[in-house]
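So that the names make sense, note that chain A is the first sequence line, chain B the second, and so on, each numbered from 1. Just so it is clear, the model here is predicted, and its values are computed rather than measured.
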Amino acid sequence: MAEQTTITELEEAVIKFAGDSGDGMQLTGTQFTTNAALFGNDLGTFPDFPAEIRAPIGTVAGVSGFQLHFGSKEIFTPGDICDVLVVMNSAALKSNIRNIKKGGIIIANTSGFDAKNLKLANMTSNAMEDDSLGNYQVIKMDVTRMTREALTDIQLGMKEKDRCKNMFVLGFLYWMFNREMDNTIKFLTDKFGKKPEVLEANLRVLKAGYSYGDTTETFTTRYKVEKAVMPAGTYRSIMGNQATALGLVAASKKSGLPLFLGSYPITPASDILHDLAKYKSFGVKTFQAEDEIAAITSAIGASFGGSLAVTTTSGPGMALKTEALGLATVLEIPLVIINVQRGGPSTGLPTKTEQADLFQAYYGRNGECPIPIVAAQSPSDCFNAVYEACRISVQHMIPVILLTDGYIANGAEPWRFPKESELEEIKIEFAKPMAEGEKFMPYARDEKLSRPWAIPGTKGLEHRIGGLEKQNITGNISYEPENHEFMVKLREEKVERIANYIPEQKIDSGPSKGKLLVLGWGGTYGALKAAVRELNEEGFAVAHAHLRHMRPFPKNLGEVLHNYDKVLIPEINNGQLVKIIRDKYFIDALAYNKIQGLPFFKSELMDKIREILK
Amino acid sequence: MAEQTTITELEEAVIKFAGDSGDGMQLTGTQFTTNAALFGNDLGTFPDFPAEIRAPIGTVAGVSGFQLHFGSKEIFTPGDICDVLVVMNSAALKSNIRNIKKGGIIIANTSGFDAKNLKLANMTSNAMEDDSLGNYQVIKMDVTRMTREALTDIQLGMKEKDRCKNMFVLGFLYWMFNREMDNTIKFLTDKFGKKPEVLEANLRVLKAGYSYGDTTETFTTRYKVEKAVMPAGTYRSIMGNQATALGLVAASKKSGLPLFLGSYPITPASDILHDLAKYKSFGVKTFQAEDEIAAITSAIGASFGGSLAVTTTSGPGMALKTEALGLATVLEIPLVIINVQRGGPSTGLPTKTEQADLFQAYYGRNGECPIPIVAAQSPSDCFNAVYEACRISVQHMIPVILLTDGYIANGAEPWRFPKESELEEIKIEFAKPMAEGEKFMPYARDEKLSRPWAIPGTKGLEHRIGGLEKQNITGNISYEPENHEFMVKLREEKVERIANYIPEQKIDSGPSKGKLLVLGWGGTYGALKAAVRELNEEGFAVAHAHLRHMRPFPKNLGEVLHNYDKVLIPEINNGQLVKIIRDKYFIDALAYNKIQGLPFFKSELMDKIREILK
Amino acid sequence: MAETLTATNGEVLTAKDFATDQEIRWCPGCGDYSILKQVHTILPQLGLKQEDIVFISGIGCSSRFPYYTETFGMHSIHGRATAVASGLKAARPELSVWIVTGDGDGLSIGGNHTIHLLRRNFDMNILLFNNEIYGLTKGQYSPTSPENKVAKSTPFGSIDHPFNPIALALGADATFVARSMDRDPAHLQNMLLRSYKHHGSSFLEIYQNCNIFNDMAFESYTEKSTKKDEALFMVQGQPLVFGANNEKGIKLDGFKPVIVNLEEGASKDDLWIHDEHDMVKANIISRFFDHVDVEGHLPRPFGVFYQTTRPTYEDMMSQQIAQVITAKGEGKLDKLLAGSETWVIE
Amino acid sequence: MAETLTATNGEVLTAKDFATDQEIRWCPGCGDYSILKQVHTILPQLGLKQEDIVFISGIGCSSRFPYYTETFGMHSIHGRATAVASGLKAARPELSVWIVTGDGDGLSIGGNHTIHLLRRNFDMNILLFNNEIYGLTKGQYSPTSPENKVAKSTPFGSIDHPFNPIALALGADATFVARSMDRDPAHLQNMLLRSYKHHGSSFLEIYQNCNIFNDMAFESYTEKSTKKDEALFMVQGQPLVFGANNEKGIKLDGFKPVIVNLEEGASKDDLWIHDEHDMVKANIISRFFDHVDVEGHLPRPFGVFYQTTRPTYEDMMSQQIAQVITAKGEGKLDKLLAGSETWVIE
Ligand SMILES: Cc1ncc(C[n+]2csc(CCOP(=O)(O)OP(=O)(O)O)c2C)c(N)n1
Ligand SMILES: Cc1ncc(C[n+]2csc(CCOP(=O)(O)OP(=O)(O)O)c2C)c(N)n1
Ligand code: SF4
Ligand code: SF4
Ligand SMILES: [Mg+2]
Ligand SMILES: [Mg+2]
């Protein structure tokens with residue numbers, strides 16, 4: 001029996017599982033996440049895939065990681081840097097060493113540090129032997145050997161046995177964090193029910209990992225992270241892209257409009273297409289087009305036909321859609337364009353996140369072509385954001401751009417998902433058949449300035465629309481100078497008027513007047529909120545507001561901004577919202593930018609804010 | 001003999017010739033223009049084509065016009081509204097009536113006001129008979145009948161005879177403005193030398209028109225517009241698109257780089273392609289691609305191969321090029337992208353002018369993707385502007401966007417064209433072959449931050465480039481967070497540094513400090529200059545500065561702006577430069593916008609400025 | 001020849017019902033007028049409700065077509081009519097969707113969407129107005145202009161080898177491929193009807209005279225004096241004959257088509273019998289494409305080159321949805337939102 | 001089979017000279033490795049200087065090729081390699097330009113540029129890595145995926161009818177059309193050499209196994225046990241035979257290809273003799289495209305389907321310039337700037 005271990009209670013912890021793409025780290029991370037969720041922790045996760053499909057085994061390019069942040073307090077991000085880093089090989093250590101806290105725990109699979117692995121990772125010295133890890137608590141264990149030993153009498157090939165390695169680590173972590181393992185046992189049983197040998201092997205290794213902690217003398221500390229106090233309700237875990245897909249189906253259901261997606265695959269947006277393609281039982285039609293132009297124009301066709309029409313893409317694909325965005329604007333038909341932003345310009349950093357397509361969304365078209373913009377702020381919030389984008393689009397007869405990003409698209413968090421009955425109806429009405437002899441006016445307008453949605457198949461509504469300038473009311477082509485000016489201003493006003501149908505801007509955290517407002521948008525929400533909350537606790541008079549509506553802005557935004565001496569706008573780009581705000585509200589807003597394909601760390605935000613408030 | 005006519009001297013006059021597309025108004029206008037130019041007037045012209053190819057004869061949609069502004073003083077625009085309006089039919093009157101000065105002269109072909117023509121023009125009352133033209137001096141003449149009469153004994157079909165109508169009008173106008181007709185006689189002789197009957201007919205009608213003025217009693221006033229004082233030199237007349245094409249050939253010659261144009265036809269940019277296609281004797285290669293994407297990417301290929309590579313388009317085509325612009329930005333290769341702006345959004349007003357693609361040029365790409373922008377300000381200035389765009393592009397190894405617009409592209413003015421020897425050399429050097437064993441660094445940098453242009457065929461320079469983020473110096477793919485931020489800032493800085501290689505911003509007219517600066521860009525130059533000059537003469541303390549370099553701005557621009565109490569930014573859009581200036585220099589610049597597919601009138605600008613200065 | 005469909009919905013429509021109040025803005029004499037007229041003539045024969053018909057076009061002279069046709073319509077953007085129409089048809093399979101496009105719109109900028117539409121086999125009718133020129137932009141050569149074409153952008157003659165649109169459509173696995181011309185109203189009406197009746201993508205190339213920028217491009221096939229000798233009308237099950245007195249015929253010498261003269265001893269029995277269901281023959285006859293100036297050239301074929309049947313995209317799409325619903329039941333939103341694993345916080 | 005060219009420029013290059021210092025980042029086992037190897041093997045045989053070779057690619061797994069090949073290269077944007085290469089070749093006809101593209105890159109988003117390149121006939125070599133899947137974006141079906149393909153974006157099976165890339169290329173008037181596979185190095189090398197030797201656009205489809213997302217898509221043609229029966233290797237002037245002992249042959253019954261057995265009485269003399277210059281035959285054999293599961297299907301052909309000669313775009317472009325210069329003399333800038341009419345102000 002091992003000497004008595006102490007159990008330390010933590011408010012929160014960040015664990016990162018890192019190994020080769022073939023090491024099953026995503027699965028390990030997800031299992032631990034489920035466990036934490038079921039236990040009642042609040043949490044946030046982020047997977048960190050290699051850019052290549054399957055980079056050579058053992059190389060830095062092939063490292064796959066999964067980061068989990070869980071706690072007994074509210075959690076807003078997957079965490080800046082980790083308390084515990086699991087590394088299955090040298091490359092995993094090399095590419096993650098700077099993501100671990102000083103004094104943090106590194107759990108290293110020593111067999112991943114043999115000469116071959118060191119060489120593949122381009123490491124000249126063995127970190128298991130030299131003193132380069134002096135600042136950390138290193139727990140070395142030969143996972144490979146122990147896994148094999150646990151399975152000596154099992155009838156499986158060596159390769160298959162080795163595939164259980166991740167269960168050893170998982171078992172050990174469960175021990176370390178003092179967890180039950182039921183969910184994983186159930187998962188394995190469901191998954192391998194038909195392959196009893198494999199099931200047995202996995203279970204055995206899982207338990208071996210747990211016992212290893214229990215029986216080995218070296219480990220004297222275990223941790224405990226209590227349940228979080230979270231609003232009562234039923235939760236699930238959700239990733240941003242999943243939430244976007246669900247939001248679309250929900251909007252389709254609650255508007256009564258059939259959902260049509262025209263899309264062309266592109267990282268990190270493809271998963272929305274993949275998910276929607278599964279939802280055939282909801283009548284969802286997904287059309288994988290030959291390119292992004294066909295994707296958006298097919299959606300325009302579907303919208304003309306009366307569908308809730310959507311197109312999904314990422315930066316370079318968005319560039320290809322810009323001509324058609326102009327068409328949709330002049331046609332004044334509903335269309336939801338989703339850009340899951342990634343690092344640019346050009347092909348850029350396809351698997352990394354960025355917020356650098358805001359300008360493109362705002363201004364990236366020929367001519368005066370204003371389009372409303374909505375932004376999602378967290379994985380689960382993608383649901384609300386896309387629902388809102390659909391609502392605006394169909395009720396205001398206008399294309400709407402939704403901006404999400406790679407970070408929230410692939411990140412996950414617990415979601416207290418709504419019931420169908422709780423979702424607000426999206427009321428729309430198609431134009432009604434005309435009485436004999438009456439003439440249909442396709443560009444007549446209501447108080448929102450929106451025009452009728454008159455779909456083929458409706459008697460008497462035959463009409464023609466197109467990209468040439470339209471005469472108001474009749475919708476006929478018009479080259480009249482005054483009409484053009486009128487229509488340009490009308491389209492602008494139509495966008496602006498949406499401000500009458502959206503909530504006012506609220507302060508998320510902090511005082512409603514004061515020294516500094518931190519204004520954010522999109523996927524930086526969690527980091528900004530966490531930073532500001534913590535500074536509030538430290539006594540700093542800083543507030544945080546986060547924009548859902550990027551165009552038009554909520555009506556009271558100017559007022560809100562003027563309530564603070566200074567406004568800081570942190571963005572994962574080189575300064576975009578800040579320029580729009582400076583122009584529009586004529587306030588000397590400060591920019592804080594990070595352009596590394598990575599989200600903000602709470603700590604760097606806190607440093608920056610402290611510096612400003614000094 | 002008619003009673004003695006008086007001759008009134010005018011400083012300037014605006015004439016518009018308007019008729020059906022088949023009436024030869026473009027030719028008539030061009031002939032009068034040549035006459036005025038050869039005589040020594042300063043002038044500006046603008047043709048006004050119908051949007052349709054050949055709209056039905058006699059309809060408003062089919063009206064073709066040509067406006068000429070000439071004078072003994074400096075002329076900057078084709079004129080706001082005309083002193084003399086020639087209308088060949090009812091539709092021409094209808095569509096131009098609001099372009100004529102109160103008290104101006106309308107010369108009307110009465111046979112164009114028969115029942116049929118009135119109906120085609122949708123006119124309910126005959127303006128030749130009612131009193132709707134009471135505010136004008138109307139000179140009615142039955143041009144058709146008189147033309148036929150002049151030709152009774154000529155062996156030509158009625159259709160061919162009628163085709164001489166425009167010569168009658170031209171002859172009459174020559175009489176009215178007291179002109180020799182030599183240039184037109186020579187022109188007709190050259191043109192119809194091989195068809196003596198046709199030549200004879202045209203000459204006879206031309207002279208008949210002249211004599212009609214001489215011999216008819218009704219016309220008692222003739223006009224005289226003296227030579228202008230213009231810088232000595234040899235002049236020609238030039239349209240903007242022509243000047244652009246010439247500027248490209250000149251830049252090719254003076255840089256020693258072969259010229260490659262990848263283009264797809266689109267109004268109003270196609271003429272640049274048409275012109276360059278003629279210049280095969282300069283080794284120019286023009287490639288009519290299958291679309292705008294192939295147009296720009298083929299140019300990227302040619303640039304990689306060491307050509308001066310260019311692509312030309314207009315708004316919707318520009319939209320399609322934005323993805324490839326990102327590629328060119330990351331590749332850091334030379335490329336000149338010319339957008340001849342037209343009315344948008346979408347297909348918009350394809351034959352009308354606008355300045356609404358500035359935002360697209362500035363911001364219309366995914367990711368942080370800064371591209372230098374140059375703007376041309378007048379027809380002949382297109383030459384200088386494109387020459388400058390080429391210089392920046394090849395010397396700084398960077399794509400450059402040139403913005404012109406439909407107004408200056410199709411407008412014409414006299415041009416004191418340069419000699420080849422007067423043009424500044426564009427020095428460039430390709431990377432040199434490497435010595436054995438040396439490694440070529442494709443992303444090494446010079447003081448401009450530009451990288452070497454290493455073209456295929458050069459020994460030892462083999463290297464690969466692409467749209468993924470690059471490591472500085474080596475040009476290898478890099479997913480390093482810090483490198484990305486470094487490269488984003490470097491690309492921005494590279495653009496900013498161009499400011500070290502361009503002239504400081506000058507004041508074009510007016511005081512160098514004072515109450516109001518009118519800041520313009522692009523094709524509004526002439527109108528702004530004329531308005532400010534006239535106000536200066538009236539004693540107003542207003543200045544005019546016009547931007548050639550839109551990105552980066554000249555280094556001293558901030559200083560210049562701060563020298564005035566107020567800054568007014570007039571644009572043919574809904575306010576674009578003004579937003580950029582407000583953000584960048586944090587001054588509360590005023591916007592003045594016109595979005596009618598039409599250029600500014602001097603008079604409306606003067607009104608606006610007076611209002612501000614009140 | 002034309003089989004006339006009779007309206008089955010009670011309403012009796014005439015060609016006039018399909019005219020709009022918009023002034024037609026094509027050049028006088030443009031071949032587009034005739035095509036418009038033939039379309040308006042056949043539309044009432046389809047037994048369709050007016051409101052169930054949609055015309056989608058791109059940009060070009062031809063693409064103004066929808067403005068002149070009293071149905072639902074969209075004048076979209078250059079080259080994308082096929083893609084817009086695909087989305088519409090996928091969403092609303094019950095509509096009758098027609099695409100009007102030009103040689104530039106449908107084969108230059110829009111070439112890709114066209115071939116993808118053909119392979120997918122949406123049940124739509126593509127009317128490709130081929131005038132071998134860019135009309136709207138005032139006279140540049142197009143991907144169907146013959147070599148050496150002197151046009152605005154090719155003052156010394158074009159060097160592009162043109163597409164053979166029929167061969168391209170066959171290469172893209174089109175299920176219905178035909179050619180007609182503006183100046184043969186009866187034939188054009190028949191081909192329009194055939195296009196409509198085909199369940200799947202119908203690719204109908206229509207030779208259309210642009211009298212402003214490319215006048216007489218097809219005169220050999222349309223003018224009385226030469227038509228009989230230069231135009232070959234294919235009729236299903238009939239031998240390939242042409243000439244003033246149908247005295248000439250096409251015979252296959254191995255794989256090589258040769259012209260024989262029936263008045264000079266050749267026998268009708270030896271002639272190639274047109275079979276629009278034979279892909280090999282379609283491929284061979286699609287290559288009757290030499291310029292009329294070429295010595296010994298074959299006549300240019302008109303009619304249906306090829307027709308076959310394959311499930312349409314929209315049918316399969318609807319079926320797949322129906323199958324899933326049959327198998328799993330209609331989707332329940334609450335279940336979907338809950339996903340596979342939930343937990344409760346109390 | 002492969003004719004070896006010998007270097008003529010004094011320098012002796014080897015395959016190793018064409019390797020770069022970049023780590024190769026394809027999945028272990030990916031068919032791309034073999035193709036890379038065969039290309040590196042034949043490059044030294046072309047008698048070219050290393051610096052005169054350029055590889056242009058789009059985006060996709062396959063499109064990473066240039067990074068691994070020590071020549072000039074560009075990894076451009078998705079679908080546009082063909083267009084980038086066209087501009088480069090037009091500007092620099094003397095370079096040897098190679099395009100590496102995928103079934104998504106070259107036939108989905110880039111399909112239009114591909115067919116336009118083929119009709120223009122630039123002298124370039126298109127290597128289309130067909131793995132019938134989108135590799136880089138992790139497994140969506142592509143325009144060459146067979147019907148009913150279950151992939152990421154088609155969990156219930158795809159409903160798109162796939163392109164037959166060979167037929168499409170023929171329809172676009174390609175002058176050289178061939179097919180090979182990653183797993184037959186000798187054949188692939190031969191086809192690469194043939195592609196290079198063809199003066200004009202060479203379209204080489206290469207079956208490439210994506211062992212991660214579409215493993216074994218071509219196993220019938222590549223695996224020893226089935227290859228002889230399922231893969232038909234076309235050899236110019238030779239009868240079409242296949243099977244373990246070359247005992248099977250293809251005969252034409254009218255236009256219908258049928259399989260006959262030489263061991264069961266059929267005579268070699270009756271067999272179809274492959275003639276790569278015969279467009280009709282090329283069209284017929286391009287349609288040997290049935291899935292191996294189809295009863296009585298024909299074998300899948302490999303080798304050169306079609307080859308013909310037509311002037312290349314870049315040659316005509318250069319000639320036209322030369323002709324104009326010969327006729328008018330080299331352009332004088334001063335004359336050009338002055339235009340046709342000038343006047344002097346003193
Ligand atoms: C994106 C874009 N590029 C170019 C154009 C200009 N444009 C309009 S129609 C056209 C070609 C017209 O040719 P075709 O399709 O043959 O139609 P036609 O006018 O001959 O009927 C072009 C190049 C455009 N409107 N949009
Ligand atoms: C404009 C744009 N759209 C989409 C993508 C995403 N994308 C990259 S490669 C690819 C398809 C790859 O398939 P294929 O060309 O067959 O190449 P493979 O990876 O199979 O070799 C896609 C959709 C992109 N990079 N750019
Ligand atoms: S330009 Fe040609 S195609 Fe266009 S409307 Fe005129 S005649 Fe018809
Ligand atoms: S995903 Fe497929 S095609 Fe791409 S590298 Fe891996 S095996 Fe090759
Ligand atoms: Mg055309
Ligand atoms: Mg592929």
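Within 6.0 Å of CD in A/Glu424 there are 12 or fewer heavy atoms belonging to other residues, nucleotides or ligands. Other residues, nucleotides and ligands contribute more than 12 heavy atoms inside 6.0 Å of the CD atom of A/Glu422. For C/Lys37, the NZ atom sits in a loose shell: 12 or fewer heavy atoms of surrounding residues, nucleotides or ligands are nearer than 6.0 Å.
Residue A/Pro433 does not touch chain C at all, counting heavy-atom pairs closer than 4.5 Å. The contact between A/Thr234 and chain C is made by backbone and side chain atoms together, counting heavy-atom distances below 4.5 Å. Looking at A/Phe383, the atoms closer than 4.5 Å to chain C (heavy atoms on both sides) all sit in the side chain, from C-beta outward. Residue C/Lys89: no heavy atom, backbone or side chain, is found under 4.5 Å from chain A. Proximity to chain C is absent for every atom of A/Lys186, based on heavy atoms less than 4.5 angstrom apart. Only the side chain of C/Met317 comes within less than 4.5 Å of a heavy atom of chain A; its backbone N, CA, C and O stay farther away. Looking at C/Ser318, the atoms closer than 4.5 Å to chain A (heavy atoms on both sides) all sit in the side chain, from C-beta outward. Heavy atoms of A/Pro258 lying under 4.5 Å from chain C are absent altogether. For chain A, no part of C/Ala322 is nearby; none of its heavy atoms comes within less than 4.5 Å. Interface remark: A/Ser303 contributes no atoms to any contact with chain C (heavy atom separation under 4.5 Å). Residue A/Val284 touches chain C through its backbone alone, counting heavy-atom pairs closer than 4.5 Å. Looking at A/Lys253, the atoms closer than 4.5 Å to chain C (heavy atoms on both sides) all sit in the side chain, from C-beta outward. If you measure heavy-atom distances from A/Phe260 to chain C, the contacts under 4.5 Å come from the side chain alone. In this structure, chain C has heavy atoms under 4.5 Å from both the backbone and the side chain of A/Ile455. Using a 4.5 Å cut-off between heavy atoms, A/Ala243 does not touch chain C at all. Interface residue A/Tyr235: backbone and side-chain heavy atoms are both found under 4.5 Å from chain C. For C/Tyr313, the part sitting under 4.5 Å from any heavy atom of chain A is the side chain, from C-beta outward, and nothing else.
Across C/Val97, C/Leu95, C/Val54, the residue that shares the most heavy-atom pairs under 4.5 angstrom with chain A is C/Leu95. Your options are A/Val249, A/Ile238, A/Ile293, and the one with the most heavy-atom pairs under 4.5 Å with chain C is A/Ile293. Listed options A/Gly467, A/Gly306, A/Ser237 were ranked by heavy-atom pairs under 4.5 angstrom with chain C; first place goes to A/Ser237. Of the residues considered (A/Glu323, A/Arg236, A/Lys280), A/Arg236 shows the highest number of contacts with chain C, using heavy-atom pairs under 4.5 Å. Each of C/Arg92, C/Glu341, C/Glu330 has some count of heavy-atom pairs under 4.5 Å with chain A, and the biggest count is that of C/Arg92. Chosen from A/Pro456, A/Ser421, A/Ala232, A/Ala294, the residue pairing most often with chain C at heavy-atom distances under 4.5 Å is A/Pro456. Residue with the most contacts toward chain C among A/Pro414, A/Gly301, A/Ala289: A/Gly301 (heavy-atom pairs, distance under 4.5 Å).
With 3.5 Å as the limit, one finds a donor-acceptor pair spanning the side chains of A/Asn476 and C/Gln22. Using modelled atom types, one finds no donor on one side chain facing an acceptor on the other under 3.5 Å when comparing C/His198 with C/Asn125.
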Apply the test side-chain hydrogen bond (donor to acceptor under 3.5 Å, both in side chains) to residues C/His113 and C/Arg80: give CA-CA distance (whole Å), side-chain angles for both, the deciding distance (0.1 Å), then the verdict.
-> CA-CA 7 Å; C/His113 309 305; C/Arg80 320 302 173 188; 2.9 Å; yes

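With A/Asn35 as the fixed residue, the side chain to side chain donor-acceptor pair (under 3.5 Å) test singles out one of A/Asn183, A/Asp182, A/Thr30, A/Thr184: A/Asn183.
Between A/Phe304 and C/Phe72, the angle of the ring planes goes over 60°, which puts this pair in the perpendicular group of the 30/60° scheme.
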